[in-house]
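See structure below.
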Amino acid sequence: MSNAKVRVRFAPSPTGPLHMGGVRTALYNYLFAKQQGGDFILRIEDTDQTRFVPGAEEYIIESLKWCGITPDEGQGFGGNYGPYRQSERKAMYRQYAEQLVADGHAYYAFDSAEDLDRVRQMAKDAGSPNWQYNHITRNSMKNSLTLSQNEVEKKLEAGEPYVVRIKLNRNEEVKFEDIVRGWVSVNTNNMDDKVLFKSDGMPTYHLANIVDDHLMEISHVIRGEEWLPSAPLHVLLYRYLGWEDTMPQFAHLPLLLKPDGNGKLSKRDGDRLGFPVFPLEWHNQESGEVFSGYRENGYFPDAFINMLAFLGWNPGTAQELFSLDELVAAFSLKKVNKAGARYDHDKTRWFNQQYLRHKSDAELGKLLQAEASEQDVEVSLEKAEGIAALMKERAYFIKDLWEDSQFFFAAPQEYDEKTLRKKWNEEARSHVAELQKRFEAISDFNTENIEEAFKAYLSENELGFGKVGPGFRLAVTGMGMGPSMFEICAILGKEETLSRLNQALEQLP
RNA sequence: GGCCCCUUCGUCUAUCGGUUAGGACGCCAGGUUUUCAUCCUGGAAAGAGGAGUUCGAUUCUCCUAGGGGCUGCCA
């Protein structure tokens with residue numbers, strides 16, 4: 001399939017919110033497609049009707065959009081290979097199952113779920129934990145291999161429920177070359193006769209994904225490592241269906257692991273460890289549970305994406321900050337790692353900080369203004385920009401920008417206790433009183449003039465910055481730390497600054 | 001249990017047989033700063049273990065250990 005157009009699909013099942021591991025899979029698909037000038041397709045794998053969760057599909061689509069990795073084609077995006085929901089493709093699958101049966105690569109099985117449970121339990125009791133429906137055990141089960149043709153036809157005509165299982169050859173080595181892992185090989189003796197077509201008339205994932213990938217002309221299947229064990233089965237299906245020459249190339253991605261302990265990252269880890277595992281907040285309709293999202297936690301989508309891209313891939317250079325376009329240009333499946341990657345929330349925060357810092361003051365001003373507005377505080381764009389410019393160096397999130405700059409919006413209600421105790425005394429009081437007087441005389445109350453007046457006071461009285469600064473800061477902001485006082489005062493304006501100095505002189509001991 | 005995959009600093013990772021094993025996050029120290037943050041400098045910190053191939057292995061092979069995934073009429 002090397003000459004065909006690159007077409008990749010992200011194929012989640014709508015059983016709940018998409019978690020960040022899924023987003024990363026989507027991202028790698030997107031990056032690869034865009035780099036190759038190909039298409040990125042969204043297909044909804046809802047062949048298990050019992051696991052359908054309302055809102056999940058919408059959530060998936062909204063998540064991809066928020067991340068900026070919008071599909072070119074697929075459910076919710078149109079295209080010529082639809083429908084893109086497997087439940088709506090239901091009628092297409094049966095013929096392929098029948099074809100496999102006709103060709104001797106599959107068979108009907110009439111064993112009920114209870115039959116199978118019983119056999120499995122018996123095997124377990126006998127000390128074998130893993131009973132499989134395979135080339136040996138199928139001989140003692142109820143299927144078209146053991147039943148006479150007559151019996152089979154009768155059952156089918158009677159409408160008895162059945163499934164179609166693939167018929168695996170004995171002792172056959174199945175090999176395929178995975179883009180990230182190289183050659184992977186499994187013997188059919190270790191595989192089982194998987195169900196391809198369920199008794200409810202729907203295909204299983206295994207059949208559906210092969211049929212759809214073929215019909216949708218998918219060139220590369222990029223998915224999580226959890227699919228690696230069934231990839232040989234899929235290879236066999238392509239072969240038995242006669243599609244092996246156009247079989248897509250596989251790339252199985254390493255899993256995202258829990259930051260602590262063992263296992264893959266799961267939805268419970270987030271709240272347990274204090275970080276979101278979902279791109280967007282998710283409300284579980286049934287339980288009423290709320291799972292937090294990166295978006296609602298104030299992460300920038302490009303920072304989130306940048307972080308995710310680096311969980312399992314890196315460009316081999318020292319560069320770590322990549323825009324989506326840069327990721328598209330630099331990405332390579334060949335450079336994807338094989339081992340699972342542990343999620344590191346500190347690094348995610350760092351990415352967000354970097355993105356925040358690299359935004360223009362104008363943009364940050366707008367975001368801060370919006371944040372303030374949400375808190376019912378109106379602030380001019382000019383002031384918001386000024387504050388943002390001053391505060392951005394110490395913020396990770398827009399929320400920090402807002403929370404750390406409260407003193408710009410209101411005179412101190414209380415004064416930092418420690419600073420008060422250590423820095424406020426009669427001397428500090430006299431400095432503040434004197435500064436107030438000098439500031440009064442400034443006609444153009446800008447940063448430079450304030451600084452000049454302040455420094456003139458210091459030099460005329462042979463005072464060090466440390467003698468006057470802390471008390472001054474405390475009086476104006478109520479705090480013991482923060483950015484340049486001259487800039488702060490300039491933003492506050494002359495009237496407000498003087499008023500605060502006055503308040504301090506009146507209220508502080 | 002069986003099968004498959006994986007294994008470099010605490011974490012994410014670079015290294016295409018010869019490097020003082022590099023970077024980033026986090027951590028620690030120092031410097032800059034009135035202070036905090038930023039920033040700058042420095043530091044601690046890794047090739048799971050064992051065989052083999054080779055003049056030489058982190059790099060190739062095998063074994064062991066450890067980790068992960070799968071093992072459903074779920075995806």
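Throughout, a chain's letter reflects where its sequence line sits, starting with A, and its residues are numbered from 1.
Separation of the P atoms belonging to B:U13 and B:U34 is 41 Å when rounded to the nearest angstrom. B:A21 and B:A57 are spaced 13 Å apart, taking the C1' atom of each and rounding to whole Å. Taking the C1' atom of each, B:C40 and B:C55 are spaced 45 Å apart, rounded to whole Å. To the nearest whole angstrom, the two C1' atoms, one in B:C9 and one in B:U20, are 16 Å apart. Comparing B:C12 with B:C3, their P atoms sit 28 Å apart, to the nearest whole Å. A distance of about 15 Å separates the P atoms of B:G49 and B:U7, rounded to the whole Å. Spacing of C1' atoms, B:C6 relative to B:A48, comes out at 13 Å, to the nearest Å. Taking atom C1' on both nucleotides, B:C70 is separated from B:C60 by 29 Å, rounded to a whole Å.
Comparing A:F486 and A:G316 against RNA chain B, the residue whose closest nucleotide sits nearer the 5' end is A:G316. RNA chain B is contacted by both A:E45 and A:A395; A:A395 maps to the nucleotide lying nearer its 5′ end (nearest heavy atom per residue).
A:N337 comes within contact range of the sugar-phosphate backbone alone, with a heavy-atom separation under 4.0 Å but no base atom that close. Within the 4.0 angstrom heavy-atom criterion, only backbone atoms of the sugar-phosphate kind lie near A:A339; the bases stay farther away. Across all strands, A:R349 comes closer than 4.0 Å to no nucleic acid atom at all (heavy-atom distances). Nucleic acid contact class of A:V195 (heavy atoms, under 4.0 Å, all strands): sugar-phosphate only. Note on A:Y205: a base of the nucleic acid sits closer than 4.0 angstrom, heavy atoms only. Using a 4.0 Å heavy-atom distance criterion, A:K467 is classed as making no nucleic acid contact. At the heavy-atom level, A:N130 lies under 4.0 Å from base atoms of the strands shown. If you check every strand for non-hydrogen atoms under 4.0 Å, A:T317 touches nothing. Nucleic acid contact class of A:M202 (heavy atoms, under 4.0 Å, all strands): none. As judged by a 4.0 angstrom heavy-atom cut-off over every strand, A:T47 is placed among residues touching the sugar-phosphate backbone only. At the heavy-atom level, A:G263 lies under 4.0 Å from the strands shown only through sugar-phosphate atoms. Residue contacts for A:G312: at a heavy-atom cut-off of 4.0 Å it reaches the sugar-phosphate backbone alone, with no base atom in range.
Taking a pair to require two hydrogen-bonding distances under 3.5 Å in either a Watson-Crick or a G-U wobble arrangement, B:A48 pairs with B:U64. Shown here, B:C39 forms a base pair with B:G31; the pair counts as Watson-Crick or G-U wobble because both key distances fall under 3.5 Å. Pairing for B:C70 is with B:G2, a Watson-Crick or G-U wobble pair whose two hydrogen-bonding atom distances lie under 3.5 Å. Pair assignment for B:G18 gives B:C55, based on Watson-Crick or G-U wobble hydrogen-bonding distances that are each under 3.5 Å. Within the shown strands, B:A24 is the pairing partner of B:U11 under the Watson-Crick or G-U definition, both distances less than 3.5 Å.
Separating the CD atom of A:E487 from the P atom of B:U35 is a distance of 17 Å, rounded to the nearest angstrom. As rounded to whole Å, 6 Å separates atom P of B:C25 from atom NZ of A:K347. Between the CG atom of A:N306 and the C1' atom of B:C12 there is a distance of 13 Å, given to the nearest Å. Regarding A:K392, its NZ atom lies at a distance of 14 Å from the C1' atom of B:C39, rounded to whole Å. Rounded to an integer number of Å, the gap from CD of A:E393 to C1' of B:C40 is 14 Å. Distance A:F250 CZ to B:G69 P: 22 Å, rounded to the nearest Å. For the pair A:D346 CG and B:C27 P, the interatomic distance rounds to 7 Å; values are reported in whole Å. To the nearest angstrom, C1' of B:G69 lies 13 Å from CZ of A:R223.
If you check B:U13, B:C5, B:A24 against the side chain of A:E320, the one that comes closest is B:A24. Side chain of A:D48, nearest nucleotide from B:A75, B:A14, B:U71: B:A75. Across B:C70, B:C73, B:U34, the shortest atom-to-atom separation from the side chain of A:E226 is found for B:C70. Picking from B:C70, B:C39, B:C5 the nucleotide with the shortest atom distance to the side chain of A:R357 gives B:C39. In the set B:U38, B:U35, B:C6, B:U38 carries the atom at the smallest distance from any side-chain atom of A:Q353. For A:D344, taking side-chain heavy atoms from C-beta onward, the closest of the listed nucleotides B:U34, B:G10, B:C74 is B:G10. Of the candidates B:C4, B:G68, B:U71, the closest approach to any side-chain atom of A:L255 belongs to B:G68. Of the candidate nucleotides B:C74, B:C73, B:G68, B:C74 has the atom nearest to the side chain of A:R51.
Using a 30° and 60° split on the angle between ring planes, A:Y294 and A:Y343 fall in the perpendicular class, above 60°. Relative ring orientation between A:F310 and A:F351 is described as tilted, the plane-to-plane angle lying within the 30° to 60° band.
Under the 3.5 Å distance criterion, with hydrogens and angles disregarded, no donor-acceptor pair is assigned to the side chains of A:D302 and A:Y355. Judged purely by distance below 3.5 Å, without hydrogens or angles, the side chains of A:N143 and A:Y162 never pair a donor atom with an acceptor atom. Between the side chains of A:D46 and A:S87, at least one donor-acceptor pair of N or O atoms lies under 3.5 Å. Looking at A:Q121 and A:D125, their side chains do bring a donor and an acceptor atom within 3.5 Å of each other.
Residue-to-nucleotide contacts include a donor-acceptor pair under 3.5 Å from the side chain of A:R473 to the base of B:U34.
Not one side-chain nitrogen or oxygen of A:N190 sits closer than 4.0 Å to the OP1 or OP2 atom of B:G2. The side chain of A:R342 places no N or O atom within less than 4.0 Å of a non-bridging phosphate oxygen (OP1 or OP2) of B:G26. Taking only side-chain nitrogens and oxygens, A:K194 never comes nearer than 4.0 Å to OP1 or OP2 of B:A75. Under 4.0 angstrom from either OP1 or OP2 of B:U34 there lies no side-chain N or O belonging to A:K423. In terms of phosphate contacts, A:K338 brings no side-chain nitrogen or oxygen within less than 4.0 Å of OP1 or OP2 of B:U13. Close to B:C73, at under 4.0 Å from its OP1 or OP2, lies a side-chain N or O of A:R165.
Between the side-chain ring of A:W350 and the base of B:C25, no stacking contact exists by the 5.5 Å and 30° definition.
Aromatic ring centres of A:Y299 and A:F304 lie farther apart than the 6.0 Å criterion allows. Between A:F176 and A:Y238, the ring centre distance reaches or exceeds 6.0 Å. For A:W313 and A:Y28, the gap between ring centers reaches or exceeds 6.0 Å.
Pairing each heavy atom of A:A395 with each of A:L356, the nearest pair is O-CD2, 3.9 Å.
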